[in-house]
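Protein chains get the first letters and strands the later ones, always in sequence-line order, with residue 1 at the start of each.
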2 protein chains.
Amino acid sequence: MNTEEKIIKAAEEVFIEQGYDGARMQEIADRAEINKAMLHYYFRSKEMLFEKIFEEKVKVLFPTIGEQMKSYEGFTDKVCFFIEQYYQILIKYPFMPFFVISTINRKDDKHFIKKLPFGFIKEIFFESFFSDLQSGKIREVNPFQFAVSVMGMSIFPFLTRPAMKELIGINDEQFQILMQQRIDELKNYVRLILTPTNHA
Amino acid sequence: MNTEEKIIKAAEEVFIEQGYDGARMQEIADRAEINKAMLHYYFRSKEMLFEKIFEEKVKVLFPTIGEQMKSYEGFTDKVCFFIEQYYQILIKYPFMPFFVISTINRKDDKHFIKKLPFGFIKEIFFESFFSDLQSGKIREVNPFQFAVSVMGMSIFPFLTRPAMKELIGINDEQFQILMQQRIDELKNYVRLILTPTNHA
DNA sequence: AAATGATTTAACCAAATGGTTAAATTTTGA
DNA sequence: TCAAAATTTAACCATTTGGTTAAATCATTT
């Protein structure tokens with residue numbers, strides 16, 4: 001592992017654990033086992049180092065699920081597939097949601113918001129939604145509110161992970177199991193919401 | 001408004017906007033239009049001032065909805081009432097969710113997690129759930145996962161508010177309207193999830 | 001091997017930070 | 001009224017912060 005890689009690994013850890021304001025350049029240097037001046041040699045400033053990390057991490061969190069979703073026929077199946085795939089990522093990187101949320105909530109910083117690659121999923125989502133709506137395959141819900149709901153149901157427990165662990169007294173492993181079980185529960189909710197009522 | 005109140009008001013603003021690490025005692029003093037030494041005179045330290053603010057704000061976010069919920073008969077109605085009431089608070093204090101989430105995610109800090117008053121709602125929720133489940137009034141879902149889902153659907157948009165505003169190009173007022181509309185949509189989702197399928 | 005460029009180190013710096021102190025001012029109560 | 005207590009101020013402090021610099025070391029190329 002070369003110096004640059006060591007820095008990135010250490011910076012990831014520290015920024016994710018402590019947030020931008022809480023992170024200390026010295027601590028990043030210590031964890032990377034390099035001189036603090038090296039941080040600036042490779043990345044010029046704290047801000048630029050953070051940006052590098054953020055970009056890399058966002059790529060992990062917003063992967064090419066969109067592409068894969070195309071292979072599913074109906075809207076409901078697409079959404080269920082999204083949940084399934086997204087949870088594999090979330091379970092692997094449970095700290096990512098808070099990292100992203102705390103970054104986009106940083107005062108006066110629309111810069112990072114613009115880096116979120118939402119376009120890819122928007123198209124497929126809405127196109128598929130209206131297609132299935134017209135053919136009566138799904139119930140008439142507000143697509144925007146529905147999307148936010150699916151995201152919220154999915155991501156929320158990862159944002160409250162420390163509280164959940166403490167309040168119901170579980171460790172990381174048990175949390176992981178709980179989230180694994182959650183996948184089917186969420187898919188079920190989605191089906192119940194989207195499946196039209198039988199007017200026989 | 002006396003000095004202590006001025007400090008609290010200013011501290012609220014700054015801690016909520018900037019987070020604990022980002023907040024500066026000098027900025028709090030400036031906004032309160034008092035000398036920085038006064039902060040320490042009244043609250044000893046940054047940590048203690050923050051604790052004061054957190055406690056006050058948590059009281060606002062976790063109010064006596066629990067009590068009021070008792071007056072609703074069925075589980076479904078209780079949940080819908082909760083959403084309705086909770087949204088009135090969220091719309092009024094849209095920045096609170098991020099404030100609480102970022103506090104409980106602070107490294108090695110179970111202290112604040114323990115301050116979250118969840119007990120009040122837990123009892124009513126589970127008792128009512130199992131009661132209605134037995135009498136066949138609701139579908140058999142996992143009560144824990146369901147609770148997290150309702151919370152997630154409700155709170156999530158307030159955590160992503162800056163991103164939502166930017167991405168779909170709306171201002172605070174429009175966001176508020178969107179959230180007002182969201183109430184009925186969420187209540188609808190809850191009913192669709194909980195209403196048992198008719199096996200005629 | 002010598003020169004060149006890339007990498008690393010240690011010492012350093014100015015600014016900002018949370019916090020303190022002692023004196024000055026205002027408020028209170030006997 | 002006047003002394004004691006509470007409040008406010010300005011100056012100060014030690015430490016930490018992100019960042020710099022110049023010299024030293026290492027790698028590469030001719």
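Between C/dG18, C/dT20, D/dG19, one nucleotide has an atom nearer to the side chain of A/K36 than all others, and that is D/dG19. Checking C/dG19, D/dT20, C/dA10 against the side-chain heavy atoms of A/H40 singles out D/dT20 as nearest. Taking the side chain of A/Y41 as heavy atoms from C-beta on, and the options D/dT21, C/dA6, D/dA6, the nearest nucleotide is C/dA6. With distances taken from any side-chain atom of B/R24 to the nucleotides C/dT17, D/dT8, D/dT20, the minimum falls on C/dT17.
OP1 and OP2 of C/dT7 both lie 4.0 Å or more from every side-chain N or O belonging to A/T3.
Residue contacts for A/A23: at a heavy-atom cut-off of 4.0 Å it reaches the sugar-phosphate backbone alone, with no base atom in range. Across all strands shown, B/Y42 has heavy atoms under 4.0 Å from sugar-phosphate atoms exclusively, and none from any base.
Counting non-hydrogen atoms of other residues, nucleotides and ligands closer than 6.0 Å to NZ of B/K9 gives a total of 12 or fewer.
A heavy-atom distance below 4.5 Å is not found between the side chains of A/K78 and A/E73.
With respect to the salt-bridge test (charged N to carboxylate O, under 4.0 angstrom), the residues B/R31 and B/E17 qualify. A salt bridge does not link B/D21 with B/R106: none of the charged nitrogens is closer than 4.0 Å to a carboxylate oxygen.
Taking atom CE of B/M1 as the reference point, atom P of D/dT7 lies 17 Å away to the nearest angstrom.
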